[in-house]
Amino acid sequence: MRIALSTGGGDAPGLNAVIRAAVLASLDRGWEVYGIRKGYAGLLGDDEVVPLTRDSVRGIGHLGGTILRATNRGNPFHYHRTRPDGTVEEVDRSGELIANARARGIDAIISIGGDGSLAIAQQLCDQGMRIVGVPKTIDNDVAGTISTFGFDTAVSTAIEAIDKLHTTAESHDRVIVMEVMGRSAGFIALHCGLAGSADVILIPEIPFDIERVCEKVRARDRAGRYFSIIVTAEGAFPAGGAASRIGASLPGEMPRLGGVASSIAREIQERTGKETRSLVLGHLQRGGMPTGYDRLLAARFGGAAVRAVADERWGHMVALQSPHIVTVPIREVLRHPKRVDPASDVVMTARATGISFGD
Ligand code: F6P
């Protein structure tokens with residue numbers, strides 16, 4: 001058996017722990033393991049396919065990033081190729097990819113990625129490739145699994161940032177608006193906001209009214225709490241409005257979100273007269289060492305993915321359904337992306353502890 005691993009989409013802390021566990025578990029079965037570098041690009045001649053041995057994965061379990069590198073630009077079905085005149089054309093290179101995998105004698109692929117990479121995996125499975133998925137994303141927006149690895153690390157980083165913002169906001173009687181990642185899901189904002197004792201949490205699942213946000217700031221002032229910490233998801237938007245985007249995305253690419261914190265801060269300062277600052281936590285959330293929780297989940301996913309390959313669970317993704325790791329059809333997972341349930345216990349507890357959602 002010759003299997004290959006690929007890490008696609010944005011990186012997430014824990015990728016190396018999945019790679020390590022999957023490589024060691026495969027070698028334990030006497031299989032050969034390869035790594036496809038840069039998502040699927042390694043099978044399209046842009047990079048390479050490298051053998052993965054015990055030595056390749058030695059001492060990487062605690063490291064952030066991915067030794068295989070990653071890209072969120074390499075969709076083989078919508079590949080962007082630059083013409084000699086500098087313009088970009090979109091081509092379908094999936095046939096070439098499948099042919100290259102066959103030529104290299106790759107029997108199966110473990111595709112480690114978020115919803116974008118899993119959608120590509122499903123399309124490749126439809127064309128006869130043998131793929132097992134592993135859910136990865138700091139956003140935690142993949143259905144079928146209680147959590148994805150990378151999420152816990154991102155939340156921990158964001159909580160640490162909130163802790164630091166509290167002291168400076170309080171010293172200066174300021175409002176500080178912190179923007180966190182998550183695309184169209186508010187899990188990172190909700191979890192770090194509650195755990196970090198933010199005063200307002202804004203998420204895409206609960207459109208906000210800026211006046212309600214300002215009311216919360218004023219109410220805190222009246223109570224002698226002259227500072228406020230607001231955590232906003234990058235995808236949060238006002239009722240009747242739309243999420244702020246950064247630049248234009250190429251066809252087949254997901255739009256990049258961001259910039260909402262600065263517009264919220266401007267509005268709050270204008271409406272309340274309070275000095276307001278904003279920051280975008282950005283890629284700090286994707287970097288650094290994975291937490292113990294993420295390392296363990298990643299290792300369990302890596303081991304389970306190898307068992308799923310042995311069981312020929314093609315088109316399935318490993319998933320956490322506590323306390324078990326199970327497999328679920330990728331097709332089902334893609335049908336309904338996971339979002340924050342506004343009636344969930346986390347939202348209810350946040351509200352009960354005085355956190356405003358601006359609604
Ligand atoms: O999906 C992970 C994620 O970090 C999102 O939270 C964020 O919107 C996006 O990727 C950022 O992508 P990039 O690294 O391409 O800017």
Side-chain angles (χ1 to χ4, degrees), residues 6-16 18 38-41 64-66 68-75 78 80 111-121 133-145 147-159 161 178-193 201-205 231-237 242-263 278-288 290-291 294 297-298 317 333-334 337-340:
S6 108
T7 55
D11 66 341
L15 277 167
N16 283 325
V18 179
K38 271 196 134 182
Y40 286 110
T66 161
L68 295 178
R69 306 172 69 203
T71 175
N72 48 13
R73 293 254 154 87
N75 186 337
H78 301 277
H80 296 134
S111 171
I112 311 162
D115 48 2
S117 306
L118 291 169
I120 296 169
V134 175
K136 162 246 60 167
T137 168
I138 63 164
D139 305 336
N140 197 31
D141 58 353
V142 177
T145 183
S147 78
T148 51
F149 69 85
F151 173 63
D152 187 65
T153 309
V155 169
S156 303
T157 299
I159 291 170
M178 180 173 93
E179 179 177 312
V180 295
M181 285 185 167
R183 284 199 208 277
S184 304
F187 291 104
I188 299 179
L190 176 62
H191 285 228
C192 75
I201 299 173
L202 303 176
I203 56 175
E205 295 85 347
V231 175
T232 179
E234 62 184 2
F237 56 90
S244 324
R245 293 182 174 194
I246 310 173
S249 44
L250 290 167
E253 277 184 8
M254 282 195 250
R256 291 181 62 220
L257 301 175
V260 66
S262 65
S263 49
S278 67
L279 78 153
V280 178
L281 198 53
H283 291 82
L284 284 175
Q285 293 158 95
R286 293 227 304 250
T291 58
D294 276 340
L297 182 60
M317 173 192 94
V333 166
L334 295 174
K338 189 165 72 177
R339 297 287 180 263
V340 169

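What you are looking at is a predicted structure, and each value in this text was computed from that prediction instead of being measured. Numbering of ligands and ligand atoms starts at 1, following listing order. Here, residue 1 is the first one in the sequence, and each next residue gets the next number.
Protein heavy atom closest to atom 6 (O) of ligand 1, with residue, atom name and distance, is D139 OD1, 2.7 Å. Looking only at heavy atoms of the protein, atom 15 (O) of ligand 1 is closest to N72 ND2, 2.9 Å. What sits closest to atom 9 (C) of ligand 1 on the protein, heavy atoms only, is R183 NH2, 3.7 Å. For atom 13 (P) of ligand 1, the closest non-hydrogen atom on the protein side is H283 NE2, 3.6 Å. R286 NH1, 2.8 Å is the protein heavy atom nearest to atom 4 (O) of ligand 1. Of all protein heavy atoms, the one lying nearest to atom 8 (O) of ligand 1 is E234 OE2, 2.5 Å.
Side-chain contact, D152 with T291: a donor N or O sits under 3.5 Å from an acceptor N or O. With no hydrogens or angles considered, no side-chain donor-acceptor pair links D11 and T66 at under 3.5 Å.
Distances shorter than 4.0 angstrom do not occur between any heavy atom of L257 and any atom of ligand 1. Within the structure, ligand 1 lacks Q285 among the residues with a heavy atom less than 4.0 angstrom away.
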**Request:** Kindly indicate, with the supporting measurements, whether the criterion salt bridge (Lys or Arg N to Asp or Glu O under 4.0 Å) is fulfilled by D141 and K338.
**Result:** CA-CA 5 Å; D141 58 353; K338 189 165 72 177; over 6 Å; no
**Request:** Go through L257 and I246 one step at a time and tell me if the side chain to side chain contact (heavy atoms under 4.5 Å, CB included) criterion holds.
**Result:** CA-CA 6 Å; L257 301 175; I246 310 173; over 6 Å; no
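Contact of the L118 side chain with the D115 side chain is not registered, since no non-hydrogen atoms from C-beta on lie closer than 4.5 Å. The shortest side-chain heavy-atom distance between V231 and V180 falls under the 4.5 Å cut-off.
Near R256, with a cut-off below 4.0 Å to any heavy atom, the atoms of ligand 1 are 16 (O).
Considering backbone and side-chain N/O of G182, one or more are found under 3.5 Å from N/O of ligand 1.
With respect to F187, the side-chain contact (heavy atoms from CB on, under 4.5 Å) criterion is satisfied by exactly one of D139, I203, N140: N140.
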